[in-house]
Each structure stands twice: as structure tokens, then as C-alpha cells.
Amino acid sequence: MRHWPLTHLTLTTPDLVLRVPNESELDELAQVASDGVHPPGAVCFPQPWASGTPEQTARNVLQNHWWARGDWREDNWRLILAVFHDGQVIGQQNLSARDFRITREARTGFWLGQRYQGRGFGTQMRAAALHLAFGSLGAERVTSTAFADNNASLRVSEKFGYEPNGVRRICVDGRPVEAHEAVLSRKQWRGQTQQHTLVEGFEACRHMLGADAEPAPVDMILHV
Ligand SMILES: CC(C)(COP(=O)(O)OP(=O)(O)OC[C@H]1O[C@@H](n2cnc3c(N)ncnc32)[C@H](O)[C@@H]1OP(=O)(O)O)[C@@H](O)C(=O)NCCC(=O)NCCS
């Protein structure tokens, strides 16, 4: 698509390709979600979008993608990429930011269809998102939030050297849940042996992602 350059952004890891899905790929992604993202009753997301019927879950995926595109602003965006393995859609990787030009901070989120979990794909997805954030966008910090019992998600962050960044108690489906935020700095990311991720089509997207200005000087950042 000529006027939506994000459709040309592609991240390639050893086993995966991450890119904005077209409408039929989005429909496939919705199907993967409706087949199950977590066991019934598990709480993985602040909005329990995958806890309803298969039909509701599929529709939530579609609407989430359409909403993110429709609501896109350079100073408040949510990039939602479909994840492909061997040509098959298997899950979704998010990268979002508010006022990125000023804050240089982004956050990630991810999910895989249940049958694709536990095979190292989540780790590759996070690595790709970190490459885009630090390597291409010039982020200074990337955050991730997981609930206290989400061992796979917490472990992925731990593997990349994230540090704890506070715990919030939030209400999900009428229940209190502890959300653990973790943060990775650019310095910590640089210090790692990084998995190879190829980023293509980024320059055309730079402006849309609010990454086309020099970062704010460090002495202008207020520490409160
Ligand atoms: C979270 C998620 C994306 C991770 O992807 P994944 O492909 O399953 O993760 P990986 O296989 O790359 O790695 C997971 C790591 O956690 C570990 N792990 C997985 N389940 C675990 C458990 N129950 N207890 C402890 N460690 C666990 C794995 O051993 C692996 O660590 P290792 O490489 O040191 O062995 C995926 O599990 C998922 O979609 N879960 C449901 C949705 C979800 O929770 N999304 C995140 C919301 S914050």
C-alpha cells in the first residue's frame, strides 16, 4: 500500500517473519486466536480479549488491528505485526509508544496460538521488537508488563536482562491482578549477544513512528 508505509515494514528472525497482515492474513490470525491463546480461566491480558467465545476472540483480534490503524498518530501509535512461521500465521507482536519523539520509550506485547508456544518463538519475537525499537527507532527504554503468574512472559523478559520497574494492582474481570512491569535500557540491550534480525522498509515509516527528530538531550529529561 503506497500511502501506509508500515505495510512494507518487515522484520525477519531465524525462524519468523513479522509484518502488518493483509485482510486475509488478519482473518487467519483471528482464527489462530479463536483456537486458543491460553487455557480457559487463565488471565494473561489487562483486557481479557481472548477469554470469551471463539467468535468473540476472533472479532476482538480484527477490531484491535482496525482500531490501531484507524487511531494511529505519530505521537501515539500501536504497531501490530502478525508473526509468520513457514508461511503460517502463528501470533502477534505489538510495539507501541506515546510521544516517542520526546520520551524515546516504547512498550511491547505479544501472544502466540497455544500450539505454537514453548518453541522459542516468543523469544525471537521479542528480540525482533527490541531490534526495531533500539536499533531502528533509537529508543532509550523498552518496557513490558506481565502478570505475576505468567512465567513464560516473565522469563522472556528475564532472558533479555530487563529490570523490575514496579508492580501495579489492576482489576481484570472483577478480580485484582498484580501486573509486573519490567524495563530494558538501550545500554543493557547493547551489552547482549543479539540474535540477528533483519529490518526492511523502516526508513519510509520513520516519520509515522515519530522517530524523525533528534532525541531530547539527556539533561533535558526530568527525573521525577
Ligand atoms: C508469552 C508467550 C508469547 C511466550 O512465547 P513462547 O514462544 O511460549 O516463549 P519461548 O518458548 O520463547 O520462551 C519462554 C521461556 O519461558 C520458559 N517458560 C515457559 N513456560 C514456563 C513456565 N510455566 N514456568 C517457567 N518457565 C516457563 C521457557 O522455558 C522459556 O525459557 P528458556 O528459553 O530459558 O527455556 C507465549 O507463551 C504466549 O503467547 N502465552 C499466552 C499469551 C501471553 O501470555 N502473552 C503475554 C502477555 S504478557
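Along the sequence shown, residues carry numbers from 1. When a ligand or atom number is given, it counts from 1 through the structure's own listing order.
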Using a strict cut-off of less than 4.0 Å between a Lys/Arg side-chain nitrogen and an Asp/Glu carboxylate oxygen, indicate whether [X] and [Y] qualify as a salt bridge.
| X | Y | result |
| --- | --- | --- |
| Arg69 | Glu23 | yes |
| Asp173 | Arg175 | no |
| Asp212 | Arg101 | yes |
| Lys187 | Glu140 | no |
| Arg98 | Glu105 | no |

Can you check side-chain hydrogen bond (donor to acceptor under 3.5 Å, both in side chains) on Gln92 and Asn94, steps first, answer last?
CA-CA 7 Å; Gln92 169 176 319; Asn94 295 11; 2.9 Å; yes
Part of [X] with heavy atoms under 4.0 Å of ligand 1, whether side chain, backbone, both or neither:
| X | answer |
| --- | --- |
| Phe147 | neither |
| Asn150 | side chain |
| Gln114 | neither |
| His38 | neither |

Please name the pair of heavy atoms, one in Val37 and one in Gln117, separated by the smallest distance, quoted to 0.1 Å.
O-NE2, 2.8 Å
Under a 4.5 Å side-chain heavy-atom rule over Ile, Leu, Val, Met, Phe, Trp and Tyr, are Leu184 and Leu154 clustered together?
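The answer is no; the residues belong to distinct hydrophobic clusters.
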Counting only heavy atoms on the protein side, is anything nearer than 4.0 Å to atom 29 (O) of ligand 1?
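No, there is none.
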If we count only non-hydrogen protein atoms and require a distance under 4.0 Å, does atom 35 (O) of ligand 1 qualify as touching the protein?
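It does not; no protein heavy atom is within 4.0 Å.
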If we check side-chain hydrogen bond (donor to acceptor under 3.5 Å, both in side chains) with Arg19, which of these qualifies: Glu25, His8, Gln93?
Glu25
Could you tell me the residue and atom name of the protein heavy atom closest to [atom], and the distance to it rounded to 0.1 Å?
| atom | value |
| --- | --- |
| atom 23 (N) of ligand 1 | Asn151 CB, 3.8 Å |
| atom 2 (C) of ligand 1 | Phe110 CZ, 4.2 Å |
| atom 19 (C) of ligand 1 | Ala152 CB, 3.5 Å |
| atom 15 (C) of ligand 1 | Arg155 CG, 3.4 Å |
| atom 39 (O) of ligand 1 | Leu112 N, 2.8 Å |
| atom 33 (O) of ligand 1 | Lys159 NZ, 2.6 Å |

By number and element, which atoms of ligand 1 are closer than 4.0 Å to a non-hydrogen atom of [X]?
| X | answer |
| --- | --- |
| Gly120 | 10 (P), 11 (O), 12 (O) |
| Phe45 | 42 (C), 43 (C), 45 (N), 47 (C) |
| Gly118 | 6 (P), 7 (O), 8 (O), 11 (O) |
| Phe121 | 7 (O), 12 (O) |

Would Thr145 count as a contact residue for ligand 1, given that I'm defining contact as a non-hydrogen atom of the residue lying under 4.0 Å from a ligand atom?
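The answer is yes, since Thr145 has a heavy atom less than 4.0 Å from ligand 1.
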Would you say Arg119 contacts ligand 1, with heavy atoms under 4.0 Å as the rule?
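It does; at least one heavy atom falls under 4.0 Å.
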Does one side chain, of His207 or Glu74, offer a donor that lies under 3.5 Å from an acceptor on the other?
yes
Does any N or O atom in Val37 lie less than 3.5 angstrom from one in ligand 1, N or O only?
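Checking ligand 1 against Val37, no N or O pair falls under 3.5 Å apart.
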Do any nitrogen or oxygen atoms of Thr123 lie less than 3.5 angstrom from nitrogen or oxygen atoms of ligand 1?
yes
Geometric cation-pi criterion Arg126 and Phe110, 6.0 Å radius, 45° cone:
yes
Check the angle between the aromatic planes of Phe45 and Trp49 and answer parallel, tilted or perpendicular using the 30° and 60° thresholds.
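Geometry flag for Trp49 against Phe45: tilted rings.
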When the ring planes of Phe121 and His85 are compared, do they come out parallel, tilted or perpendicular, using 30° and 60° as the limits?
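Rings of Phe121 and His85: tilted, as their planes differ by 30° to 60°.
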Name the option, out of Gly122, Ala146, Cys44, that contains the heavy atom nearest to atom 9 (O) of ligand 1.
Gly122
